[in-house]
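Worksheet for the structure shown next.
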Amino acid sequence: MNRVCKALSIKYPIIQGPLAWLTDAKFVAAVTNAGGLGTLGPAAGQNERFRDPDPAKRHAMTVERMRNEVRKVKKLTTGTFAVNIIPSNGGNDGHTKPLIKMMIEEGVPAVVYTGSEVYPEIFQVLKDHDIKIIYRALNPTVSNARAAEKNGADVIVATGFDEGGTLPKQVVGTFSIVRMIVDAVNHTPVLAAGGITDRRAVKAALALGAEGVYCGSVFIASEENRAAAKVKQAIVNSTADDLLLFRTKPAYYRSLPGPFADHLQELSDQGVSRDELGKVMGGLYGLKLGMVDGDWDHGYVSLGTGITSIHEIRPVKAIIADLMAD
């Protein structure tokens, strides 16, 4: 039996990436019910930011909103799903530890741990409560892959520069990263991430030693995803040639063209600092405006280079069946 499937109790070795603002219970449950592993990402199911000057109140509201979405997922599926965490400062960032506490209380079966730093104490708490750990470094290296394995990661994701969202600092393609991480670890199964949008890419990833795939962009063009209809149609109509690449914090981002994205590209070309670009970009809320609201005057549309192979908007079940066909 495939080791990823066995570790996570899923039918197919495919994990849906967290996709900030773009996930909700219906979408995540659809992925899980189709045999993959659905993941609730940042701001899952939300339409507005909770803006309070008190950080403690913001963190508490973040946790309670996620708890509500977790409970909705559990009503829609009995299968394995995950919640995304992005630890910093040893987990003492105000939200990671409360999120984990909520996951324990609600019986969440798995976590997508996003972040290059491996914090052993967080790994241990998750393992003590039998929460499966999918470790995805923002900047994958031999060192952090080995650290994740040492501390008990159940699955390690090797993410290449072909991905959408927050891009790695290293401009290294998915196939190079997959080989490097597969060779770096001794016994932990590795997933390929970045540009995986059709069965050919899946077969190629497996040939390089990956034991499954981690996908984002291909699921945005699904019937169940929260993205605006114009975004889904733009994915179908576009190729990697259309994507803009600009500098920002922490490194790079991609977007389909649009008034706001074009402006970000111009600022990047002019040599504006990453800090300044990050402020103009508006962080992940700019993604919400562009992708959930379809407001390209104020938001951007982040996608990976694999969009060239996305030719129609389909149900999640059909996407997974196609990716896993061979």
Could you state whether Met61 and Met102 fall into the same hydrophobic cluster, counting links through intermediate Ile, Leu, Val, Met, Phe, Trp or Tyr residues with side-chain heavy atoms under 4.5 angstrom apart?
no
Would you call Arg67-Glu105 a salt bridge at under 4.0 Å N-O?
yes
State whether Arg200 and Asp198 are salt-bridged, where the test is any N-O pair (Lys NZ or Arg NE/NH1/NH2 against Asp/Glu carboxylate O) under 4.0 Å.
yes
Is there a donor-acceptor pair closer than 3.5 Å between any side-chain N or O of Glu266 and the backbone N or O of Leu264?
no
Parallel under 30°, tilted from 30 to 60°, perpendicular over 60°: which one fits the rings of Tyr253 and Tyr300?
perpendicular
Passing candidate, side-chain contact (heavy atoms from CB on, under 4.5 Å) with Leu191, options Ile15, Val213, Ile196:
Ile15
Sidechain N-carboxylate O distance under 4.0 Å for Glu211, Arg3
yes
Given side chains that start at C-beta, do those of Thr39 and Val83 come closer than 4.5 Å, heavy atoms only?
no
Does the Lys132 side chain pair with the main chain of Ala82, one donor and one acceptor, at a distance under 3.5 Å?
no
Could you go through Thr188 and Asp154, starting from their C-alpha distance and side-chain angles, then the distance that decides it, and tell me whether this counts as side chain to side chain contact (heavy atoms under 4.5 Å, CB included)?
CA-CA 7 Å; Thr188 309; Asp154 295 281; over 6 Å; no
Could you tell me whether the side chain of Thr305 reaches within less than 4.5 Å of the side chain of Arg254, counting heavy atoms only?
yes
Donor-acceptor pair, Asn89 side chain versus Gly91 backbone, under 3.5 Å?
no
Short side-chain donor-acceptor distance under 3.5 Å, Asn225 and Ser222:
no
Return yes if some donor-acceptor pair links the side-chain N/O of Ser217 with the main-chain N/O of Ile307 below 3.5 Å, else return no.
no
Checking salt bridge (Lys or Arg N to Asp or Glu O under 4.0 Å) for the pair Arg146/Glu149: CA distance, chi angles, key distance, verdict?
CA-CA 5 Å; Arg146 288 176 175 167; Glu149 180 173 70; over 6 Å; no
Is a side-chain donor or acceptor of Thr174 paired with a backbone partner of Gly194 at a separation under 3.5 angstrom?
yes
Determine, step by step, whether Phe27 and Leu19 satisfy the side chain to side chain contact (heavy atoms under 4.5 Å, CB included) criterion, reporting the C-alpha distance in whole Å, the side-chain angles of both residues, the deciding distance to 0.1 Å, and the verdict.
CA-CA 11 Å; Phe27 170 65; Leu19 302 172; 4.1 Å; yes
Does the pair Glu223/Arg314 count as a salt bridge with the N-to-O cut at 4.0 Å?
no
Return yes if some donor-acceptor pair links the side-chain N/O of Tyr113 with the main-chain N/O of Ala153 below 3.5 Å, else return no.
no
Between Val63 and Met66, does the side chain to side chain contact (heavy atoms under 4.5 Å, CB included) criterion hold? Intermediate values first, please.
CA-CA 5 Å; Val63 172; Met66 186 62 78; 5.8 Å; no
What class does the angle between the rings of Tyr285 and Trp21 fall in, given that below 30° is parallel, 30 to 60° is tilted and above 60° is perpendicular?
perpendicular
Quick one, Asn84 with Arg136, criterion side chain to side chain donor-acceptor pair (under 3.5 Å). Give me CA distance, side-chain angles, the key distance, then yes/no.
CA-CA 10 Å; Asn84 180 225; Arg136 188 182 82 86; over 6 Å; no
Report yes or no: does Arg247 contribute a side-chain atom to a donor-acceptor pair with the main-chain N or O of Ser268 at less than 3.5 Å?
yes
Taking it one step at a time, do Gln265 and Asp262 satisfy side chain to side chain contact (heavy atoms under 4.5 Å, CB included)?
CA-CA 5 Å; Gln265 178 76 74; Asp262 293 347; 5.6 Å; no
Is any side-chain heavy atom of Val231 closer than 4.5 Å to a side-chain heavy atom of Trp296?
yes
